[in-house]
Structure formats: C-alpha cells, structure tokens
Asker: 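I have a structure I would like to understand better, so I am pasting it below and will then ask my questions one at a time.
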Protein chains: 2
Amino acid sequence: MKKITINSVASYAGVSKKTVSRVLNNEPNVSDVTREKVLKAFKELDYTPNPIARGLARNRSFIIACLYDNPSKSYITRLQSGALEACHEHGFNLLIHPCELRSQALLDNIEQLLQTSRVDGLVLTPPFSDHGELVAFLRQKKVPFARVASVKLDDESISVRSNDEQGAFEITELLIELGHKDIAFIKGHPDHSATEQRFNGYRRALAEHGIEYQEHLVEEGNFSYHSGADSAETILHLDPRPTAVFASNDYMAAAVLKAATQMDLKVPDDIAIAGFDNAPIARHIWPGLTTIAQPVEEMTRLAVEHLIEQINQGDNGDEEQQKEPLQITLEAKLICRESTAAPKS
Amino acid sequence: MKKITINSVASYAGVSKKTVSRVLNNEPNVSDVTREKVLKAFKELDYTPNPIARGLARNRSFIIACLYDNPSKSYITRLQSGALEACHEHGFNLLIHPCELRSQALLDNIEQLLQTSRVDGLVLTPPFSDHGELVAFLRQKKVPFARVASVKLDDESISVRSNDEQGAFEITELLIELGHKDIAFIKGHPDHSATEQRFNGYRRALAEHGIEYQEHLVEEGNFSYHSGADSAETILHLDPRPTAVFASNDYMAAAVLKAATQMDLKVPDDIAIAGFDNAPIARHIWPGLTTIAQPVEEMTRLAVEHLIEQINQGDNGDEEQQKEPLQITLEAKLICRESTAAPKS
DNA sequence: CTGAAAGCGCTTACAG
DNA sequence: CTGAAAGCGCTTACAG
C-alpha cells in the first residue's frame, strides 16, 4: 500500500508531474490525448491530490471558518448546515469557531485562529456580522470574509440577509388585523442588528395602522429564554394587560407562553403571542407559535458560495478585476400557528 | 510586512533552522542559552509556525473531524463544544461532518473526507459510535478514532459513555415510588445503542419493584418529536390509560405533553411524563420535564482528549507501546421538574 | 503543447 | 549540543 503521489501518476502516465498538475487544475495547454492518459492514471491508481501539499505550494488551506456567538442551538446548526453545503460543493471543509463577542481578547483570538488554521476565509454570523472593529481588522489583514444577516450594507463586502424589518412588520400587522391594539414588544439583544430591525418593523406597522406607540409596552430582552421570562413577568402584570405580545424571537415568546399558562391565561383568547425565527420550539410547544421563518441555511449557503468565489478569484491573480459588491436580501415568511387565533373582539 | 518563517527566526537568532525546529517542538538537546535566544526571536518577530508546512513534513493536519447524524440540534451543539474545548487546548482545530447513517455511500463519503481533509483523527458520535462496518473500515485504514456514547465496549479503542441504563432505571424508579404502576414507555431510534440501554433500565426498575412488564404499554419511537406525537396518540387512548409515560428523550416527551394538554389532561395529576437528555426544551415548556442530564460536553471532551493523545503518541514512533484500552463511563443525573409531581394516590 | 528546476515552510534522518 | 542536506507533495515561474 504505497502512497500514491503526483509522481506515481506522472510515471504511470509517462508524462512530467507538471503535466499531471495541469490536468489536476484544469489548466489549458494540454493535448486531449495527454489529458486522457493522465485522467486514466488517476482512475487506475485511485489518486487524490494531497490538499496539504497543495496548500503549502499555493498558500491555501481549502478551509473556511464559521464564527458565531449565539445562544440558539438550532440557529447555529442551521448556519452550519448551509455553510457546509456550499463548502462541500467546492471542495472546501468547514471549521467552526464559537467565540465571545464581548471578550476583550476577541481580535487576538481571531488572529490566533488565522495563524493556527490558515483558513482561506471567514463567515461572520450575527452578532459578528456587524462588528465594525472585526471587519476592519479582517480588511486590513486582507482576509476574505462574508457576512450573514448583516444590516449595515456597505459596498465593500459580501453580505446576505433576510428582511427582518418586513417580517416584523407583517407579524405586527397580523396582530392588528386580528383586532389587537395593545401589543407588547420584547426586544432582542442590543448587539444584534436584527434587534433594531425587528423593532422598526413593529413600529412601522403600528404607525401605518394609526395605532399609537406606547413605550411602556416595550421590554428589553436579549433573545434568551430567561430574558423572555423576565419581560413576561412585567408585561403580564400590566394594568390594563396588553392583549398581545410580540417577542423578538421564539425562545422569549415561549417564555411568555409559559408564564401566561402558569397564570391561567388562555392563549390566544386572553393573550395572543408571536415570536420570530421559527425555531423548533415554535412547533414543539402548545399552542404552537405564530412566527417568522428565515431562510438561514440558504443565507449562509449563498454567503459561503460567494466567499469561495472571491477566494478562488484572488487566487487567479485577477486582483485587478473589480469585485463587485454583493448584497443579497432574501424574503422571510410568516407562519401562523395557534398562539394567535381569532381575537376575542 | 514580509512573511516570518523559520528561516527569518533562524537568521535573527543566529542559529540553524534545525535548532529553531527543535525549540518549536520542545525537543531536548538544546542548550539553555540557545533556547532562550530562539524564544526571544519568536517573540520579537511575532512568529507562528505554519501548520500547513508542518503538516506536509510530518504528514499531519492538526485537524479532527466530528461525525454525526442526529436530529437534536442541542445535542449536536453540545458535542461540538466539548470537542472544540479539547481541540483548542492541544492546538487542534475541529471540522464538522454530518452524514447519513443509512446512506449507501457512507464509507465512500468518509473515505472522501479522509482524502480531502487529511484529518488526524475522527470522533464518532451516536449513531456512528456503534457502527461496526465503519469502525472496521477505520481500523483497517489505521485512522485514529474515538467513540462517544458507545455501548459495545470492546478493548481496542477509546470510548466514553454515560450510564444510560442506570439513568433510565432511576427515572422509572422515581415514577414507581410516586405510586405509578402502569408506566408507558416510548423507545428511541433502533440504530442508537442508547435506545436499548434506556429500555433495559426501564425494565430492570419494573422487575426490581415487582411490577409486571406490559408489552402493550411500549411504543416504538425514533427520538423525533413527530414519533413522540404518534406514540402519544396511541398511549393516551389506551383503556385504561397509563398514569405515567417515560419517553426515551425529551423531544418525544414534549410531544406527549402537548398531546395530553390538547386532550385537557392535567400533567402530572392525570398523567405524569418523563423524558431523557435534559434538552433545552425540557425546561422551556410548561410543566417542565423530569429528565436525565448527561454530561455530553464532558464525554466528548474526554474522547477527543484521549484521541489526540493517541495521535501524538503514534507520532513519536512509540508504535510498540501498548495503547491501553480506554473506556470511561460517566454518571447521568436525575433532574426532577413539574411533569412528575406527587401522584394522585 | 510539454518539462526541468526551484520553491512553499517545515521535519527527518544523518553527521559531527 | 548543533547543523547541512534531503525530502514531504504539490505549484510557480521560466524555457523550449
């Protein structure tokens, strides 16, 4: 079981290893006959190029790292699966790198990641997508990156998002159309740009339907179940009690539902509840949560796809070629479940 | 900003690059004075060795891949985080590789992973931990691997598990002590060895407490929420209805809870419910689920730790040294919540 | 269209 | 204790 290298293939096919290399990389200037011979040798010897040797010669690793700091396991898993899909399609592998946004040593941590792994690019997921310092750092280091769910759409880097503002607008509008006027709102984590977007959608819906914005109906959460429970404590004891609660994500909405149930409130008759994200919990609890589904996998898949494209481009020495700015916005989708049925009207 | 390589360090420190290499790898036979000089050069030049070059020379990648095929996002995330911890501690990185157990091409898929990534080792998580064919394949290829939550404890490879049988025993015993006699059981996915273990624990508890095993109280699930809902449909319509349900994981238990609530049954008064795993959903729903917490992160961390040890060992040419079999069993812990309170008795 | 030489940044024998 | 040479398996200029 000797190791099969480019040399074995070259001598088997009776050509130089440079020619083998040409075939390997789909370079032009190889006669069809020669190419066939080499391809046949690949097959018969069951040859696969050693990515580490390639990496050393071309200063590449064929690995992409995914950065995240997110409490939602299901969100993380979805991010990963979209990223993996794009990676595998292009012969890349995916490294995962959770790290803390608030950490003092964030940039050191990332620098170390770059040093020890020599990844070819980075996917930034929320809340890193909007981390100005990190983005500047990567630009300065000339490390290719793509951003998922970023809101600050500048014209310099790849970014794929979904329309959170519109999603929040639609869900608020639904509640309004069901007859609700006193609609409480629970904000997400201030570091996530989605937090502001969702809040904006809520306010726009109120405004467009001529409903007055009531500041005391708005609670500060941080996307965690726990923060949802705290907010629910306040909201459900308001007098008069709002007839609906729109939480910025499903975990917080689930916490509101639990609190309401413990207080013997009927959902949605006594109080309607809506969430955001369509996390698994939204359909695992009873009543199921009305929510907004985002194409998380697709967002990440697209981001990584364009990232890889950019990486391969830089490789071709086409540095001159203007990389056109790439900003994509995908649609979010309203999903109605039992937590917001007909209002008591 | 020139690239700092081993050569830069060597000339800066006034030694040969072999000496730098020695310091890098903590080899003996370097005088203290020389070592200091080199270490100082590292600092001042801000040098980090290129892992790709190291990898090529030593035929190593410093990357470990984690294999999984599991519907539970929270379980996956916990696995990953334990694995990452161990990896980072030893200068390794983690690649994730979900794949389908039932896929015809499983071995091809793994072989391709090995070819394209050249990982140094593999962590097998359930249901791969007990996949005989895969294990044989890896042995034959001499790829180091470690298994998490494997039950077939042979003496040849690293394996870390938790005591599922005992956990299931304890939870069943709790139900019995609460006065329940007709305790329904929902099995997990047949490909997971945990399924059998948990079932065994259930039966042992019944037997030790002199309660007759009733086959019609046992349903076949597959760990998914959906399968739990199907099983609940049957169980909750039995006549007489069992007074307790023990589902092999929390997702299925949550489905039972939802079904019971929809039928206006009070939990735990009309029916007690218990799950397994202590997934986030267990505390996110109301009433919270009594369940068993496993140290998933710790299991994976230990598995990867020993895997890396084995990898580094093989590297030292200590092939002769008997690798002692490593099987570790950690304790699972009973967590009581509202879904199983005092029985009506 | 094809190839011989040098190099990517390290490590592994081998000398001394 | 230290170093010069060769090599890991590829690719990048450069010739022809």
Side-chain angles (χ1 to χ4, degrees), chain A residues 2-38 41-42 45-62 91 115-118 120 312 314-319, chain B residues 2-38 41-42 45-62 91 115-118 120 312 314-319:
Chain A
K2 251 198 82 200
K3 257 190 245 169
I4 308 294
T5 73
I6 197 173
N7 291 308
S8 335
V9 177
S11 68
Y12 185 93
V15 298
S16 77
K17 68 186 189 182
K18 173 61 212 173
T19 299
V20 176
S21 172
R22 283 199 181 88
V23 175
L24 219 43
N25 296 291
N26 274 313
E27 288 172 31
N29 294 334
V30 182
S31 75
D32 286 354
V33 192
T34 313
R35 190 179 297 273
E36 283 311 321
K37 265 197 306 193
V38 175
F42 284 171
L45 296 177
D46 197 21
Y47 169 74
T48 340
N50 182 329
I52 301 194
R54 276 184 126 168
L56 181 58
R58 294 180 29 186
N59 199 23
R60 299 265 254 102
S61 66
F62 304 97
Q115 290 292 325
T116 69
S117 70
R118 309 277 159 141
D120 293 334
N312 288 335
D315 223 43
N316 290 339
D318 292 347
E319 308 249 19
Chain B
K2 250 197 80 198
K3 256 190 245 166
I4 307 294
T5 73
I6 196 173
N7 291 306
S8 335
V9 178
S11 68
Y12 186 94
V15 298
S16 76
K17 67 186 191 183
K18 172 60 211 173
T19 299
V20 177
S21 172
R22 282 199 182 88
V23 176
L24 219 44
N25 296 290
N26 274 314
E27 287 172 31
N29 295 335
V30 182
S31 74
D32 286 354
V33 190
T34 313
R35 189 178 297 272
E36 283 311 321
K37 266 198 305 191
V38 175
F42 285 170
L45 297 177
D46 197 21
Y47 168 73
T48 342
N50 182 329
I52 302 193
R54 275 185 128 168
L56 181 58
R58 293 179 30 186
N59 198 24
R60 300 266 253 103
S61 65
F62 304 97
Q115 290 292 324
T116 70
S117 70
R118 308 276 160 142
D120 292 333
N312 289 335
D315 223 43
N316 290 340
D318 291 348
E319 308 249 20

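Residue numbers start from 1 in every chain, and the chains themselves are labelled A, B, ... in the order their sequence lines are given, proteins ahead of strands. Remember, it's a predicted structure, so these values are computed and weren't measured experimentally.
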Asker: Determine, stepwise, if the pair Thr34(B) / Arg22(B) fulfils side chain to side chain contact (heavy atoms under 4.5 Å, CB included).
Answerer: CA-CA 11 Å; Thr34(B) 313; Arg22(B) 282 199 182 88; over 6 Å; no

Asker: Closer than 4.0 Å, any side-chain N/O of Lys3(B) to the OP1 or OP2 of dG9(C)?
Answerer: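 Checking Lys3(B) against dG9(C): at least one side-chain N or O falls below 4.0 Å of OP1 or OP2.
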
Asker: Which residue, Val38(B), Val23(B), Val9(B), forms the side-chain contact (heavy atoms from CB on, under 4.5 Å) with Val15(B)?
Answerer: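 Passing option: Val38(B).
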
Asker: Using heavy atoms to find the nearest nucleotide of DNA chain C for Arg22(B) and Asn25(B) separately, return the residue whose nucleotide is more 5′.
Answerer: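 Between the two, 5'-proximity favours Asn25(B).
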
Asker: Among the nucleotides dT2(D), dC8(D), dG7(C), which one has an atom lying closest to any side-chain atom of Ala57(B)?
Answerer: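 Of the candidates, dC8(D) comes closest.
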
Asker: So which atom in Thr48(B) and which in Arg118(A) form the shortest heavy-atom distance, rounded to 0.1 Å?
Answerer: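 Heavy atoms only, the tightest pair is O-NH2, 3.5 Å.
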
Asker: Could you check how far NZ of Lys37(A) sits from C1' of dC1(C), rounded to whole Å?
Answerer: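 In whole Å, dC1(C) C1' lies 12 Å from Lys37(A) NZ.
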
Asker: From the list dG9(C), dT11(D), dT2(C), which nucleotide is the closest neighbour of the side chain of Ser31(A)?
Answerer: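 Nearest nucleotide to the side chain: dT2(C).
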
Asker: Under 4.0 Å between any heavy atoms, over every strand shown, what does Asn50(B) touch: base, sugar-phosphate, or nothing? Just pick one.
Answerer: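 The residue Asn50(B) makes sugar-phosphate contact but no base contact.
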
Asker: For a quick check of understanding: with a heavy-atom distance under 4.0 Å over all strands, which category does Asn7(B) fall into, base, sugar-phosphate or nothing?
Answerer: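 Nothing, no heavy atom under 4.0 Å.
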
Asker: Nearest to the Val15(B) side chain among dC10(D), dC10(C), dG3(D), which nucleotide is it?
Answerer: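 Selected nucleotide (nearest to the side chain): dG3(D).
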
Asker: dC10(D) P sits how many Å from Phe42(A) CZ, rounded?
Answerer: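 Spelled out: CZ on Phe42(A) to P on dC10(D) is 9 Å.
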
Asker: What is the distance, rounded to the nearest whole Å, between atom CG of Asn59(A) and atom P of dT12(D)?
Answerer: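 Rounded to whole Å, this separation is 11 Å.
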
Asker: May I ask you to evaluate whether Ser16(A) reaches the phosphate of dG3(C), defined as a side-chain N or O under 4.0 Å from OP1 or OP2?
Answerer: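 Answer is yes, contact under 4.0 Å.
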
Asker: Can you check whether Ile52(B) reaches Arg54(A) side chain to side chain, under 4.5 Å on heavy atoms?
Answerer: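 Side-chain contact under 4.5 Å: no.
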
Asker: In whole Å, what is the span from the CG atom of Leu24(A) to the P atom of dT12(D)?
Answerer: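 Those two atoms, CG and P, are 11 Å apart.
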
Asker: For the pair made of CD in Glu27(B) and P in dT2(D), what is the distance, rounded to whole Å?
Answerer: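 In whole Å, dT2(D) P lies 13 Å from Glu27(B) CD.
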
Asker: Mind checking ring pair (Phe, Tyr, Trp, His ring centres under 6.0 Å) for Phe42(A) and listing every partner two or more places apart, or none if nothing turns up?
Answerer: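 In terms of ring pair (Phe, Tyr, Trp, His ring centres under 6.0 Å), with neighbours along the sequence ignored, Phe42(A) is linked to Tyr47(A).
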
Asker: Evaluate side chain to side chain contact (heavy atoms under 4.5 Å, CB included) for Lys37(B) paired with Thr19(B), printing each intermediate quantity in order.
Answerer: CA-CA 11 Å; Lys37(B) 266 198 305 191; Thr19(B) 299; over 6 Å; no

Asker: To the nearest Å, give me how far apart CG (Asn26(A)) and P (dC10(D)) are.
Answerer: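 So the two atoms are 16 Å apart, to the nearest Å.
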
Asker: In which stems does DNA chain D show up, taking only runs of three or more Watson-Crick or G-U wobble pairs whose two distances fall under 3.5 Å?
Answerer: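 Paired runs of 3+ in DNA chain D: C:1-3 with D:14-16, C:5-12 with D:5-12, C:14-16 with D:1-3.
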
Asker: Using only atom types and a distance under 3.5 Å, with no angle test, would you say the side chain of Asn25(A) pairs donor to acceptor with the backbone of Glu27(A)?
Answerer: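 It does not hold such a pair.
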
Asker: Have a look at Pro49(A) and say if it touches a base, only the backbone sugar-phosphate, or nothing, with a 4.0 Å heavy-atom cut-off.
Answerer: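 The answer is sugar-phosphate, as Pro49(A) gets under 4.0 Å only of primed atoms, P, OP1 or OP2.
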
Asker: Can you measure Leu56(A) atom CG to dT11(C) atom P for me and round it to whole angstrom units?
Answerer: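 Distance check: Leu56(A) CG to dT11(C) P gives 12 Å.
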
Asker: It should be established whether Ser21(A) places a side-chain nitrogen or oxygen under 4.0 Å from OP1 or OP2 of nucleotide dT12(D).
Answerer: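 So the side-chain polar atoms of Ser21(A) never come under 4.0 Å of the phosphate oxygens OP1 or OP2 of dT12(D).
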
Asker: Take Gly14(B) and Lys17(B), find for each the nucleotide of DNA chain D with the closest heavy atom, and name the residue whose nucleotide sits nearer the 5' end.
Answerer: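 With Gly14(B) and Lys17(B) compared, the 5'-side residue is Gly14(B).
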
Asker: Identify which nucleotide among dT2(C), dC10(D), dA13(D) has an atom closest to any side-chain atom of Lys18(A), counting heavy atoms from C-beta outward.
Answerer: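 Looking only at side-chain atoms, Lys18(A) lies closest to dA13(D).
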
Asker: To check you understand the geometry: which heavy-atom pair defines the closest contact between Ser16(A) and Ala10(A), and what is its length?
Answerer: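 Smallest heavy-atom distance, with atoms named: C-CB, 3.9 Å.
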
Asker: For Arg118(B) and for Asp32(B), locate the closest nucleotide of DNA chain D by heavy-atom distance; then report the residue assigned to the nucleotide nearer the 5' terminus.
Answerer: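 That would be Asp32(B).
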
Asker: OP1 or OP2 of dG3(D) versus the side-chain N and O atoms of Thr19(B): is any pair under 4.0 Å?
Answerer: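 It does, given that an N or O in the side chain of Thr19(B) lies less than 4.0 Å from OP1 or OP2 of dG3(D).
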
Asker: Quick check for you: among dA6(C), dT11(C), dG9(C), whose closest atom lies nearest to any side-chain atom of Arg58(B)?
Answerer: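 Selected nucleotide: dT11(C).
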
Asker: State, yes or no, whether a side-chain contact exists between Asn26(B) and Arg35(B) at a heavy-atom distance under 4.5 Å.
Answerer: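 Result yes, sub-4.5 Å side-chain heavy-atom pair found.
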
Asker: Starting at atom CD1 of Ile52(B), determine the distance to atom P of dT11(D), rounded to an integer number of angstrom.
Answerer: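 Roughly 14 Å, once rounded to whole Å.
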
Asker: Give a yes/no answer on whether the side chain of Thr34(B) brings an N or O atom under 4.0 Å of OP1 or OP2 in dT2(D).
Answerer: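 Checking dT2(D) against Thr34(B), a side-chain N or O does come within under 4.0 Å of OP1 or OP2.
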
